[in-house]
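Everything below concerns the one structure shown next.
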2 protein chains.
Amino acid sequence: MARASTTSDAFNAIAEPRRREILSYLAGIERPVGEIAEALGLEQPSVSKHLRVLKDVGLVRMRCQGRQKLYRTNAEAIRPLHQWAATFERYWQHQLTRVKARAEAMARQGSPQLDSAKSKEK
Amino acid sequence: MARASTTSDAFNAIAEPRRREILSYLAGIERPVGEIAEALGLEQPSVSKHLRVLKDVGLVRMRCQGRQKLYRTNAEAIRPLHQWAATFERYWQHQLTRVKARAEAMARQGSPQLDSAKSKEK
DNA sequence: ACGGTATATTCCCATATGGGAATATGTCAA
DNA sequence: TTGACATATTCCCATATGGGAATATACCGT
């Protein structure tokens, strides 16, 4: 079956580094295709193709102005990704407190050395 | 060139829906491969392959226990994704305040109707 | 209508996939 | 050692990719 298509959802769309660059570049501003291509050092057809994917999943919005088309990032479409990642927030917080607790325990009873030195132990 | 490999970074790894399911399932708990397969209704070889990808990018950790291998989600590896998405937070906030402001403006001067009714306008 | 600019699409191709089936590796128990 | 269980890997295949090059489409000014 191969991988799911990039047009199926935002997760697949942002898997491509160039598309993430485009999204960052178009955050808050509106730019024509040519300018995007020049700014990011990409070929125009390549940019058009990436924009197509991003538009299909709603990550960018397009507006026509004369002969050029202005694109901008639709930040709202990134929220689901943010929320999905936030699902794991409590777990990495747990991990951090565990790491911190262990570090403090070692500092309390072990010899007072730097972490870089202690990491070689065991 | 084709798409970047799934083992290259976390963004590519989470593009696959099954892998996101696995990550959610293994959040906070530690489970052997067989149990993961059964819980998610996947074939064992398939789970092993997905776990391989997830392990290669650091999204899961593995520990051997007798003849079985216990996996768990490494939540810390999801933080970069969360932070990348958070980059756009100020923009979707802007959009929300714009929407809210417009809604309030309409409520102030238009007839006092519900949003659901007003959304049909113009 | 014409030429020119701005984008989008198509074609071709090397490559990366994920699933299924079969098989290999590893570990325990007797 | 042998056998059974738990995972990992390999092979094969249909499919989706992204880039480059060439081409099509759309809109503008004259």
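This one's a predicted model, so the numbers in the text were calculated from it and none came from an experiment. Just so it is clear: chains get the letters A, B, ... in the order the sequence lines come, proteins before strands, and each one is counted from 1.
Side-chain atoms of A/Thr87 and A/Gln83 include no donor-acceptor pair closer than 3.5 Å. Side chains of B/His50 and B/Arg18: no donor on one and acceptor on the other come within 3.5 Å.
In this structure a side-chain-to-backbone donor-acceptor pair under 3.5 Å is missing from B/Asn74 to B/Leu59.
The number of heavy atoms from other shown groups lying within 6.0 Å of CD (B/Glu89) is above 12. The environment of CD in B/Glu30 is crowded: more than 12 heavy-atom neighbours from other residues, nucleotides or ligands sit within 6.0 Å.
A donor-acceptor contact under 3.5 Å is not formed by the side chain of B/Gln44 with the base of D/dA6.
Computed from coordinates, the B/Glu16 CD to D/dT15 P distance equals 17 Å when rounded to whole Å. If you take CD of B/Glu43 and P of D/dA8, they are 15 Å apart, rounded to a whole angstrom. B/Phe11 has its CZ atom 20 Å from the C1' atom of C/dT17, to the nearest Å. The CE-P distance, from B/Met62 to C/dT27, rounds to 11 Å in whole Å. Separating the CG atom of A/Leu42 from the C1' atom of C/dA6 is a distance of 17 Å, rounded to the nearest angstrom.
Here the closest non-hydrogen pair linking A/Ser48 and A/Val33 is OG-CG1, 4.0 Å. Residues A/Val53 and A/Ala13 approach most closely at CG1-CB, 4.1 Å, considering heavy atoms.
Using a 4.0 Å cut-off, no side-chain N or O of B/Ser46 falls inside it from OP1 or OP2 of C/dG18. At C/dA6, none of the side-chain N or O atoms of A/Tyr71 fall inside 4.0 Å of OP1 or OP2 (strictly under the cut-off).
Candidate nucleotides C/dA6, D/dG18, D/dA22 were compared by shortest atom distance to the side chain of A/Gln68, and C/dA6 ranks first.
In this view, B/Arg20 satisfies the side chain to side chain donor-acceptor pair (under 3.5 Å) rule with no residue, not counting sequence neighbours. Partners of A/Glu21 under the salt bridge (Lys or Arg N to Asp or Glu O under 4.0 Å) rule, at least two apart in sequence or in another chain, do not exist in this structure.
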Once base and sugar-phosphate atoms are separated, protein heavy atoms under 4.0 Å mark nucleotides 25-30 of chain D, 5' to 3', with B, S and - as --SS--
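Applying a 4.0 Å cut-off to non-hydrogen atoms, the residues of residues 17-41 of chain B that approach DNA chain C are B/Arg18, B/Arg19, listed by residue number. Listed by residue number, the members of residues 47-57 of chain A with any heavy atom below 4.0 angstrom from DNA chain C are A/Ser48, A/Lys49, A/Arg52.
Cluster annotation: A/Leu40 and A/Leu54 are assigned to the same hydrophobic cluster (Ile/Leu/Val/Met/Phe/Trp/Tyr, side-chain heavy-atom contacts under 4.5 Å, transitive).
Within the structure, ring pair (Phe, Tyr, Trp, His ring centres under 6.0 Å) pairs that include any residue of residues 55-84 of chain B comprise A/His82-B/His82, A/Trp92-B/His82, B/Phe11-B/Trp84, B/Trp84-B/Phe88 (at least two apart or interchain).
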